[in-house]
Amino acid sequence: MNEVTVFIMGKGYRVPAGLTIMKAMEYAGYRLTRGCGCRGGYCGACATVYRLKGDYKLYGDLACQTTVQDGMYIAQLPFTPAERPAYRLEELQARGETLLALFPELARCVACNTCTKACPQKLEVMDAVQAALRGDIPGVADLTFDCVSCGLCTMRCPAEISHHHVWQLARRLNGAYLTPRAPHVAQRVEEVRAGKFKGELDRLVAMPKEGLVAAYKARDIEP
Amino acid sequence: MKTIAYFPGCALKDQARADETGTLGALARLGYEIREIPRWNCCGTVFSLVQDDLMRHVGPVRNLLRVQAMEEEKVLTLCAMCYGTLARSAHFVEDPERLRRINAFLDPDAYQGGVEVIHLLTLLRDEVGYERLAAETRRPLNGLRVAPYYGCVLLRPRPFAVDDPDSPAAMERVVEALGGTAVPFPERTECCGTHLTVTRKDVVEERVGRILRSARGGGADALVVTCPLCHFNLEERRPAGTPDLPVLYLGQLLAWAMGEDDPGVASLVGRAAVSSEAVR
Amino acid sequence: MASELRLSRAGLEAPFARRVEELSGENPYACYQCGKCSAGCPFADHMDALPNQVLRLVQLGDESALSLSAPWVCASCHACGVRCPKGVDIARTMEALRVLALRKGITPAPVRPDRPYPQIALIGAYRKLTP
């Protein structure tokens with residue numbers, strides 16, 4: 001078997017080549033209860049930092065998406081402490097100053113671009129910080145659409161910004177106040193309120209388990 | 001049309017948006033095609049004054065790098081603080097060793113040096129010229145008594161002064177060219193208190209009170225400024241009993257004189273005219 | 001009766017003074033205490049030590065300069081520097097003191113914006129007043 005040596009929290013292990021960092025850790029005997037979620041690159045729970053032999057750079061990536069390399073030094077970052085002030089979306093206004101009012105530390109950005117280099121999603125993170133700083137909410141929402149909230153940028157930021165919470169607020173403001181309304185959604189909500197689906201739902205709720213399973217299997221599936 | 005690279009800065013894209021629209025309109029009338037720098041970042045607003053804080057210069061130099069990528073040699077700022085930080089950073093990296101260390105952060109790109117940073121005031125003085133300004137004026141200020149307030153960064157420190165730090169004249173000449181009467185006053189080069197407005201309101205109020213009383217003492221109907229933060233402080237940090245002088249951004253005054261239609265400027269000029277009647 | 005005055009070069013090589021010089025790039029010993037900086041400082045009324053007095057403490061290698069409020073009231077307007085007959089840009093000395101204090105964990109009141117501010121105000125405040 002083709003094997004490589006990796007160092008997990010400083011201890012060396014021989015693991016099969018081609019495994020992801022997450023699988024390599026499990027192969028080495030770790031049981032992951034934190035820092036592990038969807039295993040598909042979407043949930044952002046498995047932020048990991050590593051260095052490679054002979055390379056000064058500190059890399060950040062998702063453990064479930066990154067293949068092990070020989071001589072990799074690995075540490076998990078299962079959680080990123082980050083302050084998120086309490087707010088009620090319905091009491092906020094979609095104005096530039098809203099982001100700065102809740103996250104004034106955005107003003108500490110020195111445009112060093114470390115966040116962008118740390119992002120496993122290859123987002124232009126610094127551009128998003130700059131957009132937030134100048135109050136461009138749709139710009140932030142657009143630039144951070146693919147953020148998985150892994151927290152790697154937040155851990156490396158010399159300005160100590162809690163990026164993913166800012167992005168979430170910007171996307172919420174954008175969604176709630178700035179994107180055009182879709183008329184068919186409102187229409188469907190009205191239909192639901194008027195009881196259009198009540199009979200069908202009542203029938204499903206009253207159904208015994210076997211019937212429910214049979215109905216599930218017989219459901220229409222889009223081609 | 002003459003093209004020029006343009007660095008707007010954060011304030012002009014948010015709270016001071018009114019300062020930007022009229023100014024750019026007026027510059028278009030004067031034959032400038034404004035090219036906003038793509039993906040610009042904050043200039044840092046204050047220049048780091050210690051020797052070992054290279055990180056603080058990365059942001060401004062990155063903007064110069066983007067000007068270089070546009071193949072422009074000059075970049076225009078409308079905000080005095082942006083001018084100060086960018087011009088001083090451009091000078092800071094004339095030292096090859098510092099440039100090398102900062103370029104290590106800008107990897108894979110590299111700034112070569114040599115971009116010149118100018119402010120609206122120097123553009124009007126050195127490139128447009130007072131005569132042309134006067135000739136292009138469509139809505140003259142009719143002798144409105146305007147007091148130019150320079151504040152700090154356009155005049156200090158000395159190597160980056162756009163005019164004589166002790167006795168500047170450029171803004172007075174612009175006001176006169178636009179048909180106004182320039183009112184020099186003793187506090188015109190004294191600091192408004194800048195960022196202390198966030199933590200030491202008391203200090204800034206004392207400064208603003210002095211500046212406005214000094215301008216009114218000289219008989220001014222309005223104040224003209226070159227910086228959105230001076231503008232904010234002079235409007236928002238007035239202690240009780242301060243003379244009610246309207247404050248205009250230089251570009252707004254220009255926009256008005258060049259015939260741009262901006263309701264915000266119209267109301268400010270109107271306020272100045274009313275205050276002028278009240279004095280006489 | 002005149003009291004005895006002892007003069008010594010010892011204080012002149014104080015590591016603190018050298019560190020401030022190194023950080024600021026300004027020679028504190030160039031100052032001959034004429035006071036022009038303090039006379040022209042728009043913020044002097046709000047300072048617990050005048051700019052020339054701050055510089056004097058630095059000359060003496062006296063680290064109590066780090067606990068003064070004066071450097072935090074200094075707005076870096078450079079009015080002192082353009083007036084100094086010896087070419088000392090005292091705004092730089094003040095910045096070195098702020099930076100040294102911040103690096104030692106001595107901070108002024110925290111920056112807590114109480115209303116919307118133009119970005120330039122916030123960025124300036126954070127850069128000058130927080131570590």
Side-chain angles (χ1 to χ4, degrees), chain A residues 55-59 92-119 122-144 153 156-161 163 166 169-170 173-174 178, chain B residues 7-20 36-48 50 52-66 78-79 81-82 85-86 89 101-111 194-195 197-199 228-229 232 236:
Chain A
D55 184 350
Y56 71 87
K57 276 186 188 291
L58 180 68
Y59 295 91
L92 297 180
Q93 288 184 303
R95 291 167 54 169
E97 63 205 41
T98 304
L99 297 180
L100 261 180
L102 283 157
F103 298 95
E105 62 277 7
L106 280 166
R108 284 167 46 84
C109 174
V110 291
C112 66
N113 212 35
T114 309
C115 50
T116 307
K117 291 178 186 169
C119 180
K122 306 284 177 263
L123 304 180
E124 293 292 350
V125 187
M126 186 193 84
D127 288 9
V129 176
Q130 292 294 327
L133 189 53
R134 70 182 78 132
D136 176 7
I137 293 170
V140 179
D142 190 39
L143 284 161
T144 67
C153 54
R156 302 224 52 206
C157 176
E160 292 147 311
I161 295 165
H163 304 69
V166 183
L169 172 60
L173 288 168
N174 194 50
L178 301 174
Chain B
F7 177 84
C10 307
L12 287 162
K13 288 293 178 191
D14 192 20
Q15 294 197 15
R17 204 169 262 277
D19 291 357
E20 187 192 35
E36 183 172 322
I37 306 178
R39 294 181 63 205
W40 55 269
N41 54 256
C42 166
C43 67
T45 78
V46 286
F47 184 77
S48 175
V50 289
D52 67 349
D53 208 358
L54 280 186
M55 182 70 96
R56 298 268 166 112
H57 303 291
V58 172
V61 174
R62 192 190 306 284
N63 288 314
L64 301 175
L65 175 74
R66 300 222 155 112
L78 300 188
C79 163
M81 293 186 88
C82 298
T85 314
L86 292 174
S89 291
R101 290 175 65 187
I102 286 174
N103 272 339
F105 274 92
L106 301 178
D107 169 52
D109 305 309
Y111 175 57
T194 178
H195 63 265
T197 198
V198 183
T199 51
L229 186 47
F232 174 87
E236 303 286 325

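Heavy-atom basis, side chains included; hydrogens, waters and symmetry copies ignored. Lettering follows sequence order; numbering is per chain, from 1.
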Tell me, for E124(A) versus chain B, whether the close heavy atoms (under 4.5 Å) come from the side chain, the backbone, both or neither.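 Interface part for E124(A): side chain.
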
D127(A) versus chain B, the contacting section by heavy-atom distance below 4.5 Å: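 The side chain, not the backbone.
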
Quick one: closest heavy-atom pair of A111(A) and G59(B), and the distance?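 Closest approach of A111(A) to G59(B), heavy atoms only: CB-CA, 3.6 Å.
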
Over all heavy atoms of both residues, which pair between C42(B) and L133(A) is shortest? Give the atoms and the distance, please.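 Looks like CB-CD2, 3.8 Å.
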
Within this structure, what is the [atom1]-[atom2] distance for the pair [X] and [Y], rounded to the nearest 0.5 Å?
X       : Y       : atom1 : atom2 : value
Q15(B)  : R95(A)  : CD    : CZ    : 8.0 Å
R62(B)  : M126(A) : CZ    : CE    : 4.5 Å
N113(A) : N41(B)  : CG    : CG    : 8.5 Å

I'd like to verify something: which residue of M55(B), R39(B), R56(B) has the highest number of heavy-atom pairs under 4.5 Å with chain A?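 The answer is R39(B).
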
